[in-house]
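Step one of this worksheet: look at the structure below.
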Amino acid sequence: MSTPPTALLFPGQGAQANGMGRHLAEASPDAMQLWKKAEAASGQPLRAIYWESGDENLMAETRTLQPAITVVNLALWFHVRHRLEAVCAAGHSLGEFSALGAAGVLDVEHVLEIVALRGRLMAEADPEHVGTMYAVLRLGQEEVEAIVKDVGERTGKLIRVANRNTPGQFAVSGHRDAMDDLVEEIRNRKGKAIPLAVSGAFHTPLMAEASTEFAKILDRQDWRDARFPVYCNVSGAPLTDGEKLHAAVRRQMTSSVLWTDTIGRQWKDGVRRWVEFGPKGVLSRMVRPILTACDAPDGTYTIEHIPNLEAAEAFAG
């Protein structure tokens, strides 16, 4: 029986877990080497933080989280890639760099250097805590977009829908001064607003200075054509050309993450199996409601999650 067309999914910030990647690294010298390279690139004791500290606040820090999640994502993919033929890949925000590494667009060593710098720049981008983010649930996209537009006009502050995660789950990002109005309006309409543990208003123009600095390291890389298409956050569309991927990723830090568009486009393009690599299955839980909104019939697709060594060893391919 032939394997359904398969997309690789890689999570980003928020997917971290205590002990992530440890068993695989202790079983695989190659995986352990990735951790060491990420520690060298970031200057952070990543294994001590994620394997020994048990400190959730420390594990959520952007400067440590970004290289650590990337190591776990890629180490899991490398462990099963000889058993899995992928037709495409996508990563959510930070996870897009794992997708680029998996598709051979960038060398893994360079991916780790890039995400280490990305984590530091994003952690330092808002020292006065001007910006923040909220998850918004239980409302539809048009209603959330209308609320955000109204709050922005009423307060005169920058605010935008930063992540379109599912038809009923969004992240709103912007000036902290606008968020009280946002939360009140969301609750008035029977929605739910949850503050996110982030260091700034990610995926908005408030990240412009960090984005400009980040572009310098992106511009120094050798951007190869992808072995399979990478569906980009900024458009939801697939790209294989290295320079076009470079241009898309340059915009990522200040642009919205169009995840609903990404999965919907993959379905339209024939993907019928999604495999997520990463600790918590954050993206796996997003796929089904997106496909339901696309009128994808139950039983016509599969969603799988590989969080650790045990799942990777059991993976049938």
Side-chain angles (χ1 to χ4, degrees), residues 7-17 20-21 34 38 41-42 44 46 50 56 59-77 89-103 105-106 108 111-123 125 133 135 161-166 169-173 196-204 207 210-211 214 218 230-234 236 245 248-263 274-287 290 305-307:
L8 314 178
L9 302 182
F10 297 98
Q13 198 145 332
Q16 69 274 10
M20 65 180 186
L34 288 181
S42 65
Q44 300 291 325
L46 302 177
Y50 291 93
E56 291 188 5
M59 289 188 287
E61 287 190 2
T62 301
R63 73 182 70 241
T64 59
L65 186 157
Q66 297 209 11
I69 281 287
T70 304
V71 167
V72 176
N73 292 350
L74 288 174
L76 288 166
W77 159 240
H92 190 283
S93 189
L94 167 66
E96 189 160 73
F97 293 92
S98 297
L100 293 169
V105 179
L106 297 169
V108 172
V111 169
L112 296 178
E113 292 170 5
I114 287 167
V115 298
L117 177 61
R118 186 180 188 271
R120 180 175 66 79
L121 289 172
M122 293 178 75
M133 298 180 72
V161 179
N163 298 356
R164 294 171 177 84
N165 290 330
T166 76
Q169 182 191 130
F170 308 89
V172 175
S173 185
L196 299 178
V198 294
S199 56
F202 298 163
H203 297 292
T204 76
M207 292 284 114
S211 179
F214 185 54
L218 297 179
V230 175
Y231 285 68
C232 294
N233 286 187
V234 299
L245 284 162
V249 173
R250 265 179 132 262
R251 296 165 49 206
Q252 193 221 56
M253 198 181 288
T254 57
S255 299
S256 298
V257 176
L258 306 183
W259 193 249
T260 303
D261 300 66
T262 295
I263 299 301
W274 285 263
V275 181
E276 178 184 0
F277 298 86
K280 285 186 176 177
V282 173
L283 303 182
S284 301
R285 291 191 292 274
M286 294 180 185
V287 172
I290 297 172
H305 174 218
I306 301 178

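Just so you know, these numbers come straight off a predicted model, no measurement behind them.
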Margin query: I'd like to know if the side chain of Glu113 reaches the main chain of Val111, judged simply by a donor and an acceptor atom lying under 3.5 Å from each other, with no hydrogens or angles considered.
Written below: no
Notebook entry, point to check: Looking at Arg251 and Ser255, what are the two nearest heavy atoms and their distance?
Noted result: O-OG, 2.7 Å
Checklist line | Listed partners of Ala75 passing side-chain contact (heavy atoms from CB on, under 4.5 Å), at least two apart | finding: Leu24, Ala31, Leu34
Margin query: The criterion is side-chain contact (heavy atoms from CB on, under 4.5 Å); which residues satisfy it with Ala197, sequence neighbours excluded?
Written below: none
Check: What pair of heavy atoms forms the shortest contact from Gln252 to Ser93, and how long is it?
Finding: NE2-O, 2.8 Å
Notebook entry, point to check: In Å, rounded to the nearest 0.5 Å, how long is the span from OG of Ser284 to CD1 of Ile306?
Noted result: 9.5 Å
Margin query: Just so I know, are the side chains of Met59 and Met20 near enough to count as touching, which here means a heavy-atom distance under 4.5 Å?
Written below: no
Notebook entry, point to check: Can you name the one residue among Asn233, Val234, Thr262, Val257 that meets side chain to side chain contact (heavy atoms under 4.5 Å, CB included) with Glu96?
Noted result: Asn233
Next item on the list: Please tell me if the side chains of Phe170 and Arg164 come closer than 4.5 Å, counting only heavy atoms from C-beta onward.
Entry: yes
Item checked: Residue pair Ile69 / Pro279, side-chain heavy-atom distance below 4.5 Å -> yes
Checklist line | Rounded distance (nearest 0.5 Å) linking atom CE of Met286 with atom CH2 of Trp259 | finding: 8.0 Å
Notebook entry, point to check: Between Leu46 and Val71, is a side-chain contact (heavy atoms from CB on, under 4.5 Å) present by the stated rule, with each step listed?
Noted result: CA-CA 10 Å; Leu46 302 177; Val71 167; 5.5 Å; no
Next item on the list: Evaluate the side-chain contact (heavy atoms from CB on, under 4.5 Å) criterion for residues Leu196 and Phe202: first the C-alpha distance (whole Å), next the side-chain angles of each, then the deciding distance (0.1 Å), finally the verdict.
Entry: CA-CA 11 Å; Leu196 299 178; Phe202 298 163; over 6 Å; no
Next item on the list: Mind listing the closest non-hydrogen atom pair of Ala99 and Ala90 along with its distance?
Entry: CB-C, 3.9 Å
Next item on the list: Identify the two heavy atoms, one from Leu74 and one from Ala102, that lie closest to each other, and give their separation to 0.1 Å.
Entry: CD2-N, 4.0 Å
Checklist line | Trace of the side-chain contact (heavy atoms from CB on, under 4.5 Å) decision for Val72 with Phe277 | finding: CA-CA 8 Å; Val72 176; Phe277 298 86; over 6 Å; no
Margin query: Evaluate Glu61 against Gln44 for side-chain contact (heavy atoms from CB on, under 4.5 Å), listing each step before the verdict.
Written below: CA-CA 11 Å; Glu61 287 190 2; Gln44 300 291 325; 5.8 Å; no
Note to self: Would you say that Ser256 contacts His203 through its side chain, given a criterion of any heavy-atom pair below 4.5 Å between the two side chains?
What the structure shows: no
Item checked: Minimum side-chain heavy-atom gap Val287-Leu9 below 4.5 Å -> yes
Next item on the list: Taking all non-hydrogen atoms of both residues into account, name the closest pair between Ala123 and Arg63 and its distance.
Entry: CB-NH2, 3.7 Å
Notebook entry, point to check: Asn73 versus Phe97: any side-chain heavy-atom pair under 4.5 Å?
Noted result: no
Check: How many angstroms lie between atom CZ of Arg285 and atom NE2 of His305, to the nearest 0.5 angstrom?
Finding: 8.0 Å
Item checked: side-chain contact (heavy atoms from CB on, under 4.5 Å) against Ala125, all qualifying residues, sequence neighbours excluded -> Met207, Ala210
Item checked: Value rounded to 0.5 Å, distance of CE in Met133 from OG in Ser199 -> 10.0 Å
Next item on the list: First locate atom CG of Leu283, then atom OG1 of Thr166, and finally report the distance between them rounded to the nearest 0.5 Å.
Entry: 12.0 Å
Notebook entry, point to check: Could you give the distance from CG (Leu112) to OG (Ser98), rounded to the nearest 0.5 Å?
Noted result: 9.0 Å
Check: Just by modelled atom types, is the Ile263 backbone N or O under 3.5 Å from a matching donor or acceptor in the Tyr231 side chain?
Finding: no
Next item on the list: Taking the side chain as every heavy atom from C-beta outward, state whether His92 and Asn165 have any pair of such atoms under 4.5 Å apart.
Entry: yes
Margin query: Tell me the closest heavy-atom pair linking Ala17 and Lys280, and the distance in Å.
Written below: CB-CE, 4.3 Å
Checklist line | Side chain proximity check, Leu65 to Tyr50, heavy atoms < 4.5 angstrom | finding: yes
